[in-house]
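This chain uses plain numbering: 1 for the first residue, then up along the sequence. Order of appearance sets the numbers: ligands from 1, and atoms from 1 within every ligand. These numbers come from a predicted model, not from an experiment.
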Amino acid sequence: MTDSSFLISRRNLLLAGAGLALAAATPRRALADGVREIRISAARGRASLVRSDLQTEVLSYDGKVPGPTLRLQQGLPVRIIVENKLDQDTTVHWHGIRLPNAMDGVPGLTQPPIKPGESFVYEFTPPDAGTFWYHPHANSLQQLGRGLAGVLIVEQHDPVAADRELTWMLSDWRLTPKAQIAAGFGNQMEAAMSGRVGNTVTLNGALPAEEKVWAGERIRLRLVNGALARIMGLRFEGHRPVIVAIDGQPCDPHEPDGGRLLLGPAMRIDVSLDMQGEPGQRYRVVDGFYDELAYTLVELVYGPEPSTRAQPPDAPLSLPPNPLPEPDLTTAERHKLTLQGGMMSGNGMVGGGGMMSGGGMMGGMGGAAWSINGQSMTGDGHANMPPLLTLKLGRSFVLNLRNETAWWHPMHLHGHSFRVVSRNDVPNPIREWRDTVLVPPRQSVDIAFVADNPGDWMLHCHVTDHQTAGLMTVLRIA
Ligand code: C2O
Ligand code: CU
Ligand code: CU
């Protein structure tokens, strides 16, 4: 069997398997108008996050944590009916999808919240293939922090050659010794620091143990950081992951800086991973973002079979680009967005030790811990959020995100993907597209995009406590 026939046959097998699993997992039907319909409901539930005999009370979509992985087709319309079986208002935000403003799921800003017992019909046509996710945009600290989130994959017409596809949805929980979700959401001190970083990271809803792999195979791995606040820096011992897409958008395939995949909350990275380890061996995947708190996320465990390939397949790694409008940097209008607030020193996280020393709160912000250009919008979205800026529809913009704080901020813009054009005024050689960019303490990032999607769009930090404590604003495109 040649390499390529191995590749195809394995892939077909996998696609067939995936299709079966999907039919069971996602109730769906096509209506007379040809639009595919999906239903999901948000409700209380239980999940075995850490051990099969320990049930954690969670909030979940369709009773699962994470919620069902929704697979949509690029360019094909979909109707998603969300039923609220919670005892509080909710909405769903389709993070990273460039969709009409009324479908963006921000309560008060783009839609009325979905009341308990009610439903909302989301309809859109995903323009971009890639890895996205969905989560509530109401009472986000509690709803996301208690489990409401799921992966949304938009498939392209011709999937890229890989033997297998894996998705790792990473979630971070703060659990009590009895495996219940600890109280204390919205702690003000924490909100002015790292946010609610938990003590238990799950992979696809369970404490990760092993990922079974085979020597010689090429895996497309979709990584999603669905945490409230935890930043991750993943290293694959003995392997060289190649980044092929960021936040769903294809990029020039490249190895990560220093071999570390940096994933702030809400960020996604797709990697191509050639399994070049030894049969029968184990290799750790370690998250070492917080120095003192490195842990093994999961182990890659090789089956005993010898490699089927003498060397990695030579199929190209690059993915076809999505139809994104290219910003014109020569005519772009420029704006500065200055992020301020928080504790004045930040070298760690709550519980990480030593971080209280020398800290002092920014004063004078009326309860909010953070601000953008001196203004603090708090919460998750509500009526009467005046836009900070009005951007002319169709025009190119460069936003200079200047982080004057001591903390990292994954800054997210709704409704658009943007190019990261420079960091600290140094041109960024990769110029990748993102919808969420991690801005390190006291650094700045320039992002560029065409304001082609009309409406009021949120721009906020995706560390949920930071967002709800003021690191949020609204851009109007008209
Ligand atoms: Cu994924 Cu406004 O967020
Ligand atoms: Cu979003
Ligand atoms: Cu932040």
| Does NZ or CZ of Arg196 come closer than 6.0 Å to the centre of the six-membered ring of Phe185, within 45° of the ring's axis? | yes

| query | Using the ring of each side chain (for Trp, its six-membered ring), is His95 parallel, tilted or perpendicular to His135, with breaks at 30° and 60°? | reply | tilted

| Rounded to 10 degrees, the angle NE2 of His135 makes with NE2 of His462 at atom 1 (Cu) of ligand 1 | 100°

| task | Using 2.8 Å as a strict upper limit, say whether an N, O or S atom of His414 approaches the Cu ion (ligand 2) that closely. | result | no

| said: I'd like the atom name of the N/O/S atom in His409 lying closest to the Cu ion (ligand 3). | reply: ND1

| Should Val244 and Val271 count as side-chain neighbours, where that means a heavy-atom distance under 4.5 Å? | no

| said: Distance alone, cut at 3.5 Å: any donor-acceptor contact between the side chains of Trp173 and Thr202? | reply: yes

| message | For atom 1 (Cu) of ligand 1, give me the closest N/O/S atom belonging to His95, just the atom name. | response | ND1

| said: Side chains of Phe132 and Trp94, heavy atoms from C-beta outward: is any pair under 4.5 Å? | reply: no

| the Cu ion (ligand 3) to nearest N/O/S of Cys461 below 2.8 Å | yes

| said: Is it the case that the ring center of His460 lies less than 6.0 angstrom away from the ring center of His137? | reply: yes

| said: Quick check: of its N, O or S atoms, which one does His93 have closest to the Cu ion (ligand 2)? | reply: NE2

| query | Which single N/O/S atom of His466 lies at minimum distance from the Cu ion (ligand 3)? | reply | ND1

| query | For the Cu ion (ligand 2), does an N/O/S atom of His412 lie at less than 2.8 Å? | reply | yes

